[in-house]
Peer 1: 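Got a structure here, written out as structure tokens. Questions coming.
Residue numbers start from 1 in every chain, and the chains themselves are labelled A, B, ... in the order their sequence lines are given, proteins ahead of strands.
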Amino acid sequence: MAAAPQQNKIVRWIDHRLPIFTFMQHELNEYPTPRNLSYWWNFGSLSGIMLVIMIVTGVFLAMQYTPNVNMAFDSVERIMRDVNFGWLLRYLHMNGASFFFIVVYVHLFRGLYYGSYKEPRELLWMLGVVILLLMMATAFMGYVLPWGQMSFWGAKVITSLFSAIPVVGDSIVRWLWGGFSVDNPTLNRFFSLHYLLPFVIVGVVVLHLVALHQHGSNNPLGIDRKGPQDSIPFHPYYTVKDMFGLGVFLIIYAAFVFYMPNALGDPQNYVQANPMQTPLEIVPEWYFLPFYAILRSVPDILFIPAKLAGVLCLFGAIGVLFFLPWLDTSRVRSARFRPVYKWVFWLLVIDVAVLGYCGAHRPEGWFILAGRLSTLYYFVHFIILFPVIGWLERPLPLPTSIAAAVTRKGGAPLGAASPMEKH
Amino acid sequence: MADAAQPKPMDAHTHDSGTRRDFLQIAATSLAGIGAAIAVWPLIDSMNAAKDTLALSTTEVDLAPVQMGQRLTVKWRGSPVFVDHRTADEIKAADAVDLGSLRDPQTDAQRVQKPEWLIVVGVCTHLGCVPLGQKPTDPRGAYGGWFCPCHGSQYDTSGRIRQGPAPLNLAVPPYQFTTATTVKIG
Ligand code: HEM
Ligand code: FES
């Protein structure tokens, strides 16, 4: 497969006019990649594959789905019962959303642990945060489409958040709804945007990859590549590793799709939407729970009423990620060489898990306190601990090069056993 | 490419600040920018409630079958409206409240046209859930009005917020009694 573009006449003819083969050769085949990437580096390509799966299953679902309040629920039931393989398309799409978020969250925490957001990858990181925001909007609107009870009331509660904005809040909410409540106009626009946004995500992903290829991947040591002894070509080494990871991932994904397709969903969403009756408990999908907990936990802050404060913290929780490259004052990227941050990182993981747990329960009893403390910690972590640890911590000595750290011979060019020669 | 051969306009007229070409450039770009911004308005406004949605905004209710102490739910603009045929005790309880203790101070008289008929929009002013209390078996909260299951807001027999996160009283929709026993909401 390593055929150089010059070898085939047709390939050469095309490449001369549209340098697509040169481009692929350069970006995939020769693209020098650190030789020490771990399996945590699989989650980027997995995210890309999930995006493709979501778009493909979504386009085919849209051929059968009807965005009208009187027909939407029935059209989804028809997809499940009557359309050939409709159940498969829907379960792939429904569980696909969950797995997309799992993969992206792991990808994001990987970045946090190994300092992948630091110079020179600040824009790469910020584009990732933009993708996360777009994904959240897409998933939120997609969940409204089947028009179950949770679809309706989730949409109602989340859109009502904007009414917290002083003065113009109510007009904004009515503008979002296109009427006086979540209703047919709302469903129609959500379908339109749910179809559109994934393609916007594709665009941002392209920018994300351009930024990635500018400086290449970070690696578990967090030090720059210093020469050819530190890199291997992306193909075949990482294409193979990515494929293996994909195989494992697909087994787990398929186990959910085929054996427990509704395990991650809420049974209330198999009840058709009823605007006159609120279900006893409104719970978002699991991937929104930590943010939902933040929204509900925040009390009145000074002169800001709780409702507005909750909304501000909800958006702030993601907004703060944009500033990480500047909030982190440590010049060392990888947590491996940061004896304090290494542990504090896990506090964040625990904190987000606690938030998620609180988000799934009514804010009563000790959940109120746990929700408030974990919300407080989330912001303290980024806004206070990040800069302070960077100042106070004394990092361990960094290895002189990737090769020195990961090979016994320490830096002898990889070519000795000639795995790089592919012909 | 052609530019290279041309004299730099800056050299031709060096007034104290900028040239005529600078002015034209700034003026043209600003105008195009303003034009583009204005062109966005029809797109945004198309998402506001359409005329037919606005036209659907009245509901007639026959009050004759509603007994004293009974509560009726009707649909108005896609949301529930609570019609409460209040008992004398409930009216008295609503009147007796000290305004100073209210988050959104309003007298009961400001919220009803006829004291025995309380008509309010059944949408919690916190985040839009439908409070419980319409059915006799529902919880009504500590103040005898309505209880919102979502985050625990409690409303009194005048639909005023008494406890919980909601900031405002249940809204009173515009309505008028068209006969002694029918009311037009909206
Ligand atoms: C970023 C990618 C996407 C995400 C995260 C996403 C997420 C979701 C979610 C969470 C649902 C609700 C599933 C359920 O509970 O039934 C849904 C439904 C739906 N989505 Fe997507 N989606 C994506 C891309 C797309 C695309 C590109 C299309 C169309 C071209 C599409 C079309 C649909 C349709 C028609 C439904 C309603 C049918 C159903 O509920 O299964 N989706 N989406
Ligand atoms: S929506 Fe009623 S208390 Fe939150």
Peer 1: What part of A:Leu161 gets closer than 4.5 Å to chain B, counting heavy atoms only: side chain, backbone, both or neither?
Peer 2: both

Peer 1: Drop me the distance from A:Asn184's CG to B:Thr53's OG1, to the nearest 0.5 angstrom.
Peer 2: 9.0 Å

Peer 1: Is any side-chain heavy atom of A:Trp153 closer than 4.5 Å to a side-chain heavy atom of B:Leu127?
Peer 2: no

Peer 1: Could you note down all residue pairs passing disulfide (SG to SG under 2.5 Å) where residues 21-85 of chain B supplies at least one of them, sequence neighbours left out?
Peer 2: none

Peer 1: Who in residues 164-178 of chain A is close to chain B, using a strict under-4.5 Å heavy-atom cut-off?
Peer 2: A:Trp175, A:Gly178

Peer 1: Return the set of residues passing disulfide bond (SG atoms under 2.5 Å apart) with B:Cys148 (not counting sequence neighbours), or none when no residue passes.
Peer 2: none

Peer 1: Side chain, backbone, both or neither: which part of B:Leu132 has a non-hydrogen atom closer than 4.5 Å to chain A?
Peer 2: side chain

Peer 1: Is it the backbone or the side chain of B:Val74 that comes under 4.5 Å from a heavy atom of chain A, or both, or neither?
Peer 2: backbone

Peer 1: Holding to disulfide bond (SG atoms under 2.5 Å apart), I want the full list of residues that pass it with B:Cys124, two or more places apart in sequence or in another chain.
Peer 2: none

Peer 1: Is it the side chain or the backbone of A:Lys156 that comes within 4.5 Å of chain B heavy atoms, both, or neither?
Peer 2: both

Peer 1: Going through the distances and angles, do B:Val130 and A:Gln277 end up as a side-chain contact (heavy atoms from CB on, under 4.5 Å)?
Peer 2: CA-CA 6 Å; B:Val130 178; A:Gln277 199 187 358; over 6 Å; no

Peer 1: In terms of heavy-atom proximity below 4.5 Å to chain B, should A:Pro275 be classed as side chain, backbone, both, or neither?
Peer 2: both

Peer 1: Is B:His151 in contact with chain A via its backbone, its side chain, both, or neither, using a 4.5 Å heavy-atom distance?
Peer 2: side chain

Peer 1: Under 3.5 Å, side chain of A:Arg362 to main-chain N/O of B:Gly152, donor-acceptor pair present?
Peer 2: no

Peer 1: Is there a donor-acceptor contact under 3.5 Å from the side chain of A:Lys307 to the main chain of B:His126?
Peer 2: yes

